[in-house]
Amino acid sequence: MDGVTDFPFRSIQKEYGQPRLIFTEFTSVEGVCHGAHKLLNDFLYDESQRPIIGQIYGITPDFFRQTSILLCHLGFDGIDINMGCPAKNVAHSGAGATLITTPIIAQKIIAAVQTGIAQWQNGANPCDCPNVSSEIAKDIEDRHQLLPLAYQGRGRQIPVSIKTRVGYDKPVIENWIPRLLETGISAISLHGRTLKQHYSGQASWELIGQAANLTAQTSTLLLGNGDVVSYQDAVQKAKDYHVNGVLIGRASMGNPYVFLEKLPAEPTLFKLALEHAQLFEQTYANQNGYSFLPMRKHLGWYVKSIPHASEIRIKLFQTNSATEVKQIFQKYGLVE
Ligand SMILES: Cc1cc2nc3c(=O)[nH]c(=O)nc-3n(C[C@H](O)[C@H](O)[C@H](O)COP(=O)(O)O)c2cc1C
């Protein structure tokens, strides 16, 4: 999730919730290929976060091809293409969920990613990508050298998947899913809303179930998504709608335990919130233009269901460091 699932967030989620699969924030291939070096922050991860999928979005097939070479070189376990984002700045450019209305372009983009992966497997490097700046290519090469040897090797399989919605302004499962299946992708993650719905109303798991019928006789997995609030909810929906897996988004904000079958004997939500804040500082504090601000919303989510939540939240929203967060948590007896 953009602005949410950065390196520190994913690290905490993996440590305390153990989700089986995790995705980066979506990252613009146009941005990467126009030299926006800062976007490489989205691709930071460590070995504890595997299996980890890099998610990209955009509209220019050749930029997808080049960015795929970068993602392979960075050691990602898979590449996911966003065809589901409803945000105006994305959808108005023809990217994200608008691709549902242009299936031929969507297929070209998928083919470009598949080509990029094959080229990397055959020896292509970041410096071979014409639109990738030498600074970005060097940064990626440096990170590549630090990967475990198994991830430096070119022989591994790198699946391509799509994240999408059930339609643009109305559901079009019957037309859209077969177009995706023609490309031989490994998985489709389907959010049960149209673009027009954004996040309003309820996700339609009936439509997700219909899509699962369409993928059932193929080698493509169908992962359902939308409004899942607990492990038990996910298991029930997988059973009821015959999907191969379930993705949880918003319910994980401030609550990595959502992925667990049982809550830990002694939940330590505030200890881990503090750990999150410390990791946020460690990860980004030495970068130019560093700000603690993006961390504050996470702190608000961690305290959302405790007594005096709004009073504590106001104080947390004024913090600028993990030390200040600790002082507030201590004042309210939330950590020792
Ligand atoms: C703040 C925010 C950012 C999001 N960013 C992304 C993104 O970068 N890529 C993506 O595939 N979906 C993104 N989504 C959509 C979620 O992945 C998910 O499809 C949606 O929230 C429905 O699932 P949920 O009810 O479990 O949250 C985002 C959602 C939110 C609320």
Side-chain angles (χ1 to χ4, degrees), residues 1-7 9-10 13 17 19-32 39 41-43 45 52-58 64 67 71 76 78-91 93 95-100 106 109 113 160-167 180 185 187-205 207-208 211 222-238 241 243 245-259 293-298 300-301 304:
M1 287 179 286
D2 186 38
V4 180
T5 60
D6 60 1
F7 173 93
F9 176 90
R10 294 193 310 262
Q13 296 277 324
R20 298 219 183 131
L21 187 65
I22 205 156
F23 294 76
T24 65
E25 301 169 76
F26 74 169
T27 301
S28 160
V29 297
E30 273 79 20
V32 170
L39 291 179
N41 266 349
D42 293 357
F43 298 147
Y45 70 94
I52 177 155
I53 314 292
Q55 195 189 64
I56 46 182
Y57 74 95
F64 274 95
T67 307
L71 288 173
F76 279 97
I79 299 179
D80 192 66
I81 308 169
N82 185 297
M83 299 192 182
C85 181
K88 279 193 184 134
N89 58 337
V90 174
S93 71
T98 302
L99 286 165
I100 299 171
I109 286 173
V113 170
V160 179
S161 56
I162 305 297
K163 168 79 185 309
T164 190
R165 290 185 174 232
V166 294
L180 293 176
I185 45 170
I188 299 170
S189 301
L190 188 63
H191 177 188
R193 290 184 176 85
T194 60
L195 168 142
K196 201 174 164 192
Q197 283 178 288
H198 275 244
Y199 294 93
S200 66
Q202 278 195 319
S204 167
W205 277 83
L207 290 168
I208 292 171
L222 198 287
L223 310 179
N225 169 239
D227 304 340
V228 174
V229 293
S230 66
Y231 176 93
Q232 285 71 18
D233 187 17
V235 170
Q236 191 63 48
K237 286 201 162 70
Y241 299 99
V243 293
V246 171
L247 298 178
I248 299 182
R250 289 167 295 174
S252 70
M253 295 168 168
N255 182 23
Y257 299 141
V258 72
F259 296 105
L293 205 132
M295 182 62 218
R296 293 179 184 167
K297 61 181 177 297
H298 294 280
W301 293 326
K304 64 178 178 257

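As the structure lists them, so they are numbered: ligands from 1, and atoms in each ligand from 1.
Closest non-hydrogen pair, Trp205 versus Gly224, comes out as CH2-C, 3.4 Å.
In this structure Tyr241 satisfies the side chain to side chain donor-acceptor pair (under 3.5 Å) test together with Glu206, sequence neighbours excluded. Taking the salt bridge (charged side-chain N to carboxylate O under 4.0 Å, His left out) definition, one finds that Asp227 meets it with Arg193, Arg250, sequence neighbours left out. For Arg10, there are no salt bridge (charged side-chain N to carboxylate O under 4.0 Å, His left out) partners, not counting sequence neighbours.
Checked by atom type and distance alone, the side chain of Arg165 pairs as donor or acceptor with a backbone atom of Gly84 at under 3.5 Å.
Residue-environment remark: NZ (Lys196) stays at or below the threshold of 12 foreign heavy atoms within 6.0 Å.
Contacts of ligand 1 (protein heavy-atom distance under 4.0 Å) are Met1, Asp2, Phe26, Gln55, Asn82, Lys163, His191, Tyr199, Asn225, Gly226, Asp227, Ile248, Gly249, Arg250.
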